[in-house]
There are 2 protein chains.
Amino acid sequence: MRTQSAVGSDLSKRQSPSRVTPNRLGGTIDFLGTLMSFPGNAEIYGEGEPVDYFYKVLSGTVRTCKVSIDGRRQIGGFYLPGDMLGVEGSAEHTFSAEAVTDCQVLLINRRRVMARAARETPVARELLRLIGHELERVQDHVLLLIKSAEERVASFLLEMAGPAPEGNTINLPMTRQDIGEYLGLTLETVSRTLAHLQATAAIEVHSRQIVLRNRSALRRLNA
Amino acid sequence: MRTQSAVGSDLSKRQSPSRVTPNRLGGTIDFLGTLMSFPGNAEIYGEGEPVDYFYKVLSGTVRTCKVSIDGRRQIGGFYLPGDMLGVEGSAEHTFSAEAVTDCQVLLINRRRVMARAARETPVARELLRLIGHELERVQDHVLLLIKSAEERVASFLLEMAGPAPEGNTINLPMTRQDIGEYLGLTLETVSRTLAHLQATAAIEVHSRQIVLRNRSALRRLNA
DNA sequence: CGACCATTTGATATGGATCAAGCGATGTGG
DNA sequence: CCACATCGCTTGATCCATATCAAATGGTCG
């Protein structure tokens, strides 16, 4: 049951870039961008490559990750439609980025943004806001990693549900393994913890579809 | 043996601010700042307070930390002389900051920096560099927290030793408890791990004074 | 000297990892 | 159309790294 597959799913390989009209992006960064589509598990950029673009997710899900020498893999974050990635501190990417599902991404030339930021204060301000947002995301990740397994999974579900408590059903685009690598747990522990949260009636688990039955119970675990 | 105590250690309470000549700071942010001294364990700013200043550590050591509802305490980082703190994503501090030892800190008015950044591109660029640096620091912290206890302690020692391999002796200004709260370990585990590293001849432990005897062994654990 | 802290060290408990097996869904080739 | 391989997920049994509880040591300061 591939629940949250992609939109442009007939594009099964990197297709050649095509021009797109300037979208209203996060804020004032509304340059002409280049639209690209990636099939699931494709690499969008690699660790150590120069930061040439900012990437805005238009559809699908992207993960950033890093593999250490001994093969352990850490996922830095999941990026959903509307999220911006590739905003980093150094000139090279410290993580790589991969499509979780098929996805469409808008590539925004970094040098052009920087050049414009030098002339237009609002663009500079927006850049600062973007990297500040990324900083907060990573700080929250640190706080996640010191919690118990149950707290991590509960926090993760609330994070994926988003701030707006619209529906109670979420369709996770990623595998248990991905979740585990994000939370610093094994896939078995993720599975067991979901089962346990279901046993306590906090959620309902239907494979990748999760129904939040008791948000406040989850929030209580969010410590 | 208070090894790395402070410089202005006769100032035992927050003294009234006094003007200071414009120091050559990190880069282009060389405003007039206000010098303040704090005794060990004093709060420099609190979590949730508005971000009114950037803080440059001139002497001593500062830690940022956050206490969760259930009382667990996480240290976000240690800031040594030359380091800048208070550079955050949001308008309120997400962590509080406390003096580890007596210390002197230069307070730099945030609004003035922002105003100047709007007019002078190099200042804006420097701001971006500072927050980018902070982002990298936190990303490294995430990678720390998924390692084994021995790897965490080894990484910590190398981090405290600094990039320049000058001397092999480091004087830790903080307690085992602080180290544990930074590394996501208990103070007992920190102590035992140091003892174990000493047993393998990688280091020598004299309470807070640590001698690095075999850096490459530590670096090997740095995975 | 005595009180207080930071640190070390020991004994035991436990949460999550690891190893292993089974299951359901999906897709493929005969 | 079915047999089979594959993949993601679940569940069980066991192990181990680190937490927790507890006590002793040593240094510092009044």
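These numbers were taken from a predicted model, which means no experiment stands behind them.
Dashed line: the shortest gap from a side-chain N or O of A:Thr175 to OP1 or OP2 of D:dG8 is not under 4.0 Å. Residue B:Thr186 places at least one side-chain N or O under 4.0 Å from the OP1 or OP2 atom of D:dA19. In this model, the phosphate group of C:dT8 is approached by a side-chain N or O of B:Arg176 to a distance below 4.0 Å at OP1 or OP2. For C:dT8, one of the phosphate oxygens OP1 or OP2 lies less than 4.0 angstrom from a side-chain nitrogen or oxygen of B:Ser191.
When the P atom of D:dC9 is taken as reference, atom CD of A:Glu204 falls 18 Å away, rounded to whole Å. One can place CD of B:Gln198 at 11 Å from C1' of C:dT8, the figure rounded to the nearest angstrom. Rounded to whole Å, atom P of D:dT11 lies 13 Å from atom NE2 of A:His196. Regarding B:Arg208, its CZ atom lies at a distance of 11 Å from the C1' atom of D:dG27, rounded to whole Å. The interatomic distance linking B:Glu181 (CD) with D:dT18 (C1') rounds to 16 Å, in whole Å. In this structure, the CD1 atom of B:Ile179 is 9 Å from the P atom of C:dT8, given to the nearest Å. Going from atom CG of A:Leu187 over to atom C1' of D:dT10 covers 10 Å, rounded to whole Å. Taking atom NE2 of A:His206 as the reference point, atom P of D:dT10 lies 12 Å away to the nearest angstrom.
No hydrogens or angles were tested; on distance alone, nothing pairs the side chain of B:Gln177 with the base of C:dC5 as donor and acceptor under 3.5 Å. Evaluation of atom-type donor-acceptor distances gives no pair under 3.5 Å for the side chain of A:Arg192 against the base of C:dG15.
Contact check on A:Arg72 versus B:Glu151 returns a salt bridge, with a Lys/Arg side-chain nitrogen under 4.0 Å from an Asp/Glu carboxylate oxygen.
With respect to A:Glu181, the salt bridge (Lys or Arg N to Asp or Glu O under 4.0 Å) criterion is satisfied by exactly one of A:Lys66, A:Arg63, A:Arg176, A:Arg73: A:Arg73.
Residue contacts for A:Val190: at a heavy-atom cut-off of 4.0 Å it reaches no nucleic acid atom on any strand shown. The residue B:Gly184 sits close only to the backbone: its heavy atoms come under 4.0 Å of sugar-phosphate atoms, none of a base.
Mapping A:Glu188 and A:Glu150 onto DNA chain C by nearest heavy atom places A:Glu150 at the nucleotide closer to the 5' end.
B:Arg137 forms a cation-pi arrangement with B:Tyr79, by the criterion of a distance under 6.0 Å to the ring centre and an angle within 45° of the ring axis.
Under the 3.5 Å distance criterion, with hydrogens and angles disregarded, no donor-acceptor pair is assigned to the side chains of A:Thr169 and A:Asn171.
For B:Tyr53 and B:Tyr45, the distance between ring centers is not under 6.0 angstrom.
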